[in-house]
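Shown next, in structure tokens, is the structure this report addresses.
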There are 2 protein chains.
Amino acid sequence: MMTPMARAATTSDVFNAIAEPQRREILVLLRAGERPVNELAQELGMTQPGASKHLRVLREVGLVRDRKAGKQRLYGLDARGLRPIHEWTGGFERFWNESFDRLDAYVQDLKQARQEE
Amino acid sequence: MMTPMARAATTSDVFNAIAEPQRREILVLLRAGERPVNELAQELGMTQPGASKHLRVLREVGLVRDRKAGKQRLYGLDARGLRPIHEWTGGFERFWNESFDRLDAYVQDLKQARQEE
DNA sequence: TCATCATATGCCCATATCGGCATGCGTCAA
DNA sequence: TTGACGCATGCCGATATGGGCATATGATGA
């Protein structure tokens, strides 16, 4: 029994949403203010459908909000969802600071355990 | 010409590496210190091959280092790669703080543009 | 040299993604 | 009402992933 259950949790969470380079670019652009889809697509060199799809993902995880403005639809940033990521990575801060010492000792070990590979 | 070029950049960058829940769990566990594969697999309830695969991804993006220790292979954290992400998200800090005001004004707009759907 | 333990890989299945393209849908102006 | 514009969707093709399982590889101790 048991369907092979390919891929586990993936879509629909902020970590995944910002794993895509173009989506990160969209977010950066939106810091300057709301923008209609076409403008975003043009400024980022992507097709309109392409922009719409990425915007959809961003909207589904709550990183952007949209509102109608005439024929256009303006997308705006809602960065609150990035905070958890900032905090999660922040939980490793002391480690990347310690890194010098730790890596140094680490490298020593490596030199002695030179039977590597 | 131009091969359809399906998926764009994905693997091999830190953003993608931490987009996987189990890989994030591994990183968290490693904050307590180096661990052999089997131990990680057990503590996280995954199979040994599964753990090895996730560790490989983490190693390829530089988030973990490994060294031999007898029959085992100890994996250790190298959090330096998380710093760029922490900083990238930090670039949005003023936005999630402003959020209250901005969203408030935003909601007003929405209420008036109630022809939404 | 030979079992045995600890890992890494290879392979297959099922699915998730991305991009490109065509098309549907809603809005506005003539 | 009609046509153009702006955007969202649907569909297809190519590929990346994840998990499960079997097996190759490396290292250790008898």
Side-chain angles (χ1 to χ4, degrees), chain A residues 1-13 15-26 34-61 64-75 113-117, chain B residues 1-13 15-26 34-61 64-75 113-117:
Chain A
M1 294 304 96
M2 278 250 87
T3 317
M5 146 111 44
R7 188 160 207 150
T10 309
T11 310
S12 289
D13 76 308
F15 278 95
N16 179 65
I18 66 167
E20 228 289 325
Q22 307 208 58
R23 287 198 284 263
R24 288 201 295 279
E25 290 183 53
I26 289 178
E34 294 179 316
R35 290 275 171 62
V37 180
N38 268 325
E39 206 172 303
L40 286 172
Q42 241 184 304
E43 293 186 53
L44 297 177
M46 37 183 165
T47 63
Q48 175 269 307
S52 278
K53 286 173 185 172
H54 283 310
L55 285 167
R56 176 177 181 157
V57 174
L58 292 172
R59 192 198 323 144
E60 292 179 339
V61 300
V64 300
R65 301 264 180 176
D66 63 296
R67 71 186 175 95
K68 281 189 177 177
K71 284 195 261 191
Q72 304 182 310
R73 182 166 284 272
L74 299 182
Y75 277 85
R114 259 317 179 210
Q115 48 229 128
E116 269 290 47
E117 181 162 18
Chain B
M1 293 312 92
M2 277 247 89
T3 317
M5 148 109 44
R7 189 158 206 154
T10 310
T11 308
S12 288
D13 76 308
F15 278 97
N16 179 67
I18 67 168
E20 228 290 327
Q22 309 208 57
R23 286 197 286 262
R24 287 201 296 280
E25 290 182 54
I26 289 178
E34 296 180 315
R35 290 273 171 64
V37 181
N38 268 325
E39 205 172 304
L40 285 172
Q42 240 184 304
E43 294 187 53
L44 297 177
M46 37 185 167
T47 63
Q48 175 269 307
S52 277
K53 286 173 185 172
H54 282 310
L55 285 167
R56 175 177 181 157
V57 174
L58 292 173
R59 191 198 323 144
E60 292 180 338
V61 301
V64 302
R65 299 264 179 176
D66 64 296
R67 71 185 175 95
K68 283 190 176 179
K71 285 197 260 190
Q72 304 183 309
R73 183 166 282 273
L74 299 182
Y75 277 85
R114 260 318 179 208
Q115 48 229 129
E116 269 289 47
E117 185 154 13

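Throughout, a chain's letter reflects where its sequence line sits, starting with A, and its residues are numbered from 1.
In this structure, the CD atom of E20(B) is 14 Å from the C1' atom of dT15(C), given to the nearest Å. At whole-Å resolution of the value, CG in L58(B) and C1' in dT7(C) are 16 Å apart. Atom pair I26(A):CD1 and dC18(C):C1' shows a separation of 13 Å (rounding to whole Å applied). One interatomic measurement links the two molecules: CZ of R67(B) to P of dA6(C), which rounds to 17 Å at whole-angstrom precision. Distance R73(B) CZ to dT25(D) P: 16 Å, rounded to the nearest Å. In this structure, the CD atom of E60(B) is 13 Å from the C1' atom of dA16(D), given to the nearest Å. Spacing between atom CZ of R59(A) and atom C1' of dA8(D) amounts to 8 Å, rounded to whole angstrom units. In this structure, M46(B) atom CE and dA8(C) atom P are separated by 12 Å, rounded to whole Å.
For R23(A) and dC18(C), the shortest distance from a side-chain N or O to OP1 or OP2 is below 4.0 Å. The shortest distance between the side-chain N/O atoms of Q22(B) and the OP1/OP2 oxygens of dG19(D) is below 4.0 Å. Taking side-chain N and O atoms only, K71(A) has no distance below 4.0 Å to OP1 or OP2 of dA4(D). For Y75(B) and dA8(C), the shortest distance from a side-chain N or O to OP1 or OP2 is below 4.0 Å.
Within residues 37-44 of chain A, no residue has any heavy atom under 4.0 Å from DNA chain C.
Q72(A) comes within 4.0 angstrom of the backbone, heavy atoms only, and of no base. Residue S52(A) is in base contact, counting any heavy-atom pair closer than 4.0 Å across all strands shown.
Closest heavy-atom contact between D13(A) and A19(B): OD2-O, 4.5 Å.
Comparing dG19(D), dG20(D), dA8(D) against the side chain of T47(B) picks out dG20(D) as the nearest.
Partner L74(A) forms a side chain to side chain contact (heavy atoms under 4.5 Å, CB included) with one of K68(A), R65(A), R67(A) and no other, that one being R67(A).
Looking at Q48(B), its side chain comes within 3.5 Å of the base of dA8(C) through a donor and an acceptor atom.
For R24(A), there are no side chain to side chain donor-acceptor pair (under 3.5 Å) partners, not counting sequence neighbours. R59(A) pairs by the side chain to side chain contact (heavy atoms under 4.5 Å, CB included) definition with R56(A), V64(A), D66(A), Y75(A), not counting sequence neighbours.
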Scan nucleotides 10-12 of chain C against the protein and return all N/O pairs shorter than 3.5 Å with their distances rounded to 0.1 Å.
residue	atom	partner	partner atom	Å
dG10(C)	O6	K53(B)	NZ	3.1

List, one per line, each side-chain donor-acceptor pair under 3.5 Å for residues 39-54 of chain B, sequence neighbours excluded.
residue	atom	partner	partner atom	Å
E39(B)	OE2	R35(B)	NE	3.1
T47(B)	OG1	G50(B)	N	3.1
Q48(B)	NE2	S52(B)	OG	3.1
H54(B)	ND1	R23(B)	NH1	3.2

